[in-house]
Protein chains: 2
Amino acid sequence: MNDTKPSGPIAAAVALFTIRERLEFLRLEGEHGRIPSVPLEEGETLEACARRALWEAAGIEDVFLEQLYTFDGRLGGPRVVVAYYALAPHDRLRIRRSGVGWMDPTRASTLVEEHRTIVERACERLAGKLEYAPIAYQFLADRFTLGELQSVYEIIGRQTLDKRNFRRRIRASWDLVETHDARREGPHRPARLYRLRDARPPLEG
Amino acid sequence: MNDTKPSGPIAAAVALFTIRERLEFLRLEGEHGRIPSVPLEEGETLEACARRALWEAAGIEDVFLEQLYTFDGRLGGPRVVVAYYALAPHDRLRIRRSGVGWMDPTRASTLVEEHRTIVERACERLAGKLEYAPIAYQFLADRFTLGELQSVYEIIGRQTLDKRNFRRRIRASWDLVETHDARREGPHRPARLYRLRDARPPLEG
DNA sequence: ACAAAAGTGTTCCTGTTACACCCATGT
DNA sequence: ACATGGGTGTAACAGGAACACTTTTGT
């Protein structure tokens, strides 16, 4: 491909995050590092446009998506770029295109500046919302262990947490439902599975 | 005027708030209630566009301005509307155009829907940021009394606060500098004037 | 048997709340 | 003199932080 995109005045860009072992975001491979981004089409909503960016870049759909910020575009590009961030559990993602891969946000400096800014601000927003919005759950399956949940908090918040305090706090903040199942995996005691009761998506603006 | 605006694909809309006795926002008078909004011009940044909206509507400049959210436009209007909120102390505002006035946000329902949403979400954002961002100070002059500051918190937070607790909390959260001046006004003890030391504007996104 | 993560309570400390009186001034 | 908002401290309470051991499993 070349650098001249078929660009309208408005584009949506999406930083898609997932957690494998660390936090990672979806990056288009190529000379200039970029994240998925497409121009807004006629009759399309901004959110639909953002979802299409993920679909066209990687064949990914059905992710949690939230608007981040709107930036002035660079010369030769769209006039404005509406940035979104997306979250999904890693195992629910199936990348169906080549030329995309996962990258550690601490290496966002290899992206074009505009997209680097988006990734960095998305990370800050994520850490900020962790405590008052149910975003951590977006990285997990419907049923999850408290250990998995704690890992998400630790990875996004960039600090280790005390297990007992974490459990008390999380049970006070969110309406977790203890299922009767457990997950057996590895040479240790099985972990009870939980669900988040009222997993209403946050509003925010 | 009529309903067909000379509209490009992108517009900025601004909800300007001030505090007189209550919280108020700047409204364009007319059949359909609106807030200032103009299409983005060639070579103009979004923020400049938002400032121009205030300037063209009311001759207002030099306000604190922060992006709120980007909305899909309505049919017949711009394709996207980038919403901002602005804050300023009332006495620093000089309205230099006719056809604009102040309105209580609780009466935002008289606005066109898109602008009503902007005003409502701006109010929520304001209340939410009150505790961790120095937005209250944007409603005050450089030097202010703690009583004035408390009024701002009470008005935006929609609750009365205990004077002693407020003072302790505010002095713990912000770096306030006690000046040697006081303000004499009314049949009571003069109030000491304070400045906010490091009044760095919040980043946010 | 042992290695590995799951699970569980108590104490301490810090920050938040509730609360009442004197001060300096203008009229 | 009195009415008005400015200014101050303390005790009770709640939420957060620090901290160690037992349980259940796979190998």
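Below, read A as the first sequence line, B as the second, and so on, with proteins coming before strands; counting in each chain starts at 1.
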Worked verdict on A:Glu66 versus A:Arg125 for salt bridge (charged side-chain N to carboxylate O under 4.0 Å, His left out) = CA-CA 11 Å; A:Glu66 202 165 72; A:Arg125 176 81 64 96; 5.0 Å; no
Whole-Å gap separating C1' (C:dT16) and CD (B:Glu131) = 12 Å
Nucleotide N/O to protein N/O under 3.5 Å, stretch nucleotides 9-14 of chain C:
{"from": "C:dT10", "atom 1": "O4", "to": "A:Arg168", "atom 2": "NH2", "distance (Å)": "3.4"}

Would you kindly check if the NZ (Lys) or CZ (Arg) of B:Arg97 is within the cone defined by 45 degrees around the ring axis of B:Trp55 and under 6.0 Å from the six-membered ring centre?
-> yes
Residue mapping more 5' on DNA chain C - nearest nucleotide basis, B:Arg184 or A:Pro190 = A:Pro190
Opening and closing nucleotides of DNA chain D in contact with chain A, under 4.0 Å to non-hydrogen atoms = D:dA17 to D:dG26
Can the ring centroids of B:Phe166 and B:Tyr153 be said to lie less than 6.0 angstrom from one another?
-> yes
From CD of A:Glu185 across to P of C:dA6 the rounded distance in Å is 8 Å
Gap between atoms CZ and P, on A:Phe166 and C:dA6 respectively (whole Å) | 12 Å
Whole-Å distance between C:dA4 P and A:His188 NE2?
-> 10 Å
Indicate yes or no: does B:Glu56 engage B:Arg51 in a salt bridge with an N to O separation below 4.0 Å.
-> no
Send over the distance from A:Leu146 CG to C:dA5 P, rounded to a whole Å.
-> 16 Å
The single option from B:Arg192, B:Gln150, B:Arg183 that satisfies side chain to side chain contact (heavy atoms under 4.5 Å, CB included) with B:Thr145 is B:Arg183
Is any side-chain N or O of A:Arg189 closer than 4.0 Å to OP1 or OP2 of C:dA4?
-> no
Does atom CG of A:Asp162 have more than 12 heavy-atom neighbours, drawn from other residues, nucleotides or ligands, at distances under 6.0 Å?
-> yes
Measure the distance from CD1 on A:Ile170 to P on C:dT8 and round it to the nearest whole Å.
-> 15 Å
Kindly indicate, with the supporting measurements, whether the criterion salt bridge (charged side-chain N to carboxylate O under 4.0 Å, His left out) is fulfilled by A:Asp181 and A:Arg143.
-> CA-CA 9 Å; A:Asp181 299 325; A:Arg143 305 199 307 167; 2.7 Å; yes
In terms of the angle between their ring planes, are A:Trp174 and A:Tyr137 parallel, tilted or perpendicular, with boundaries placed at 30° and 60°?
-> perpendicular
For this output row, return yes or no: ring centroids of B:Tyr69 and B:Phe71 closer than 6.0 angstrom.
-> yes
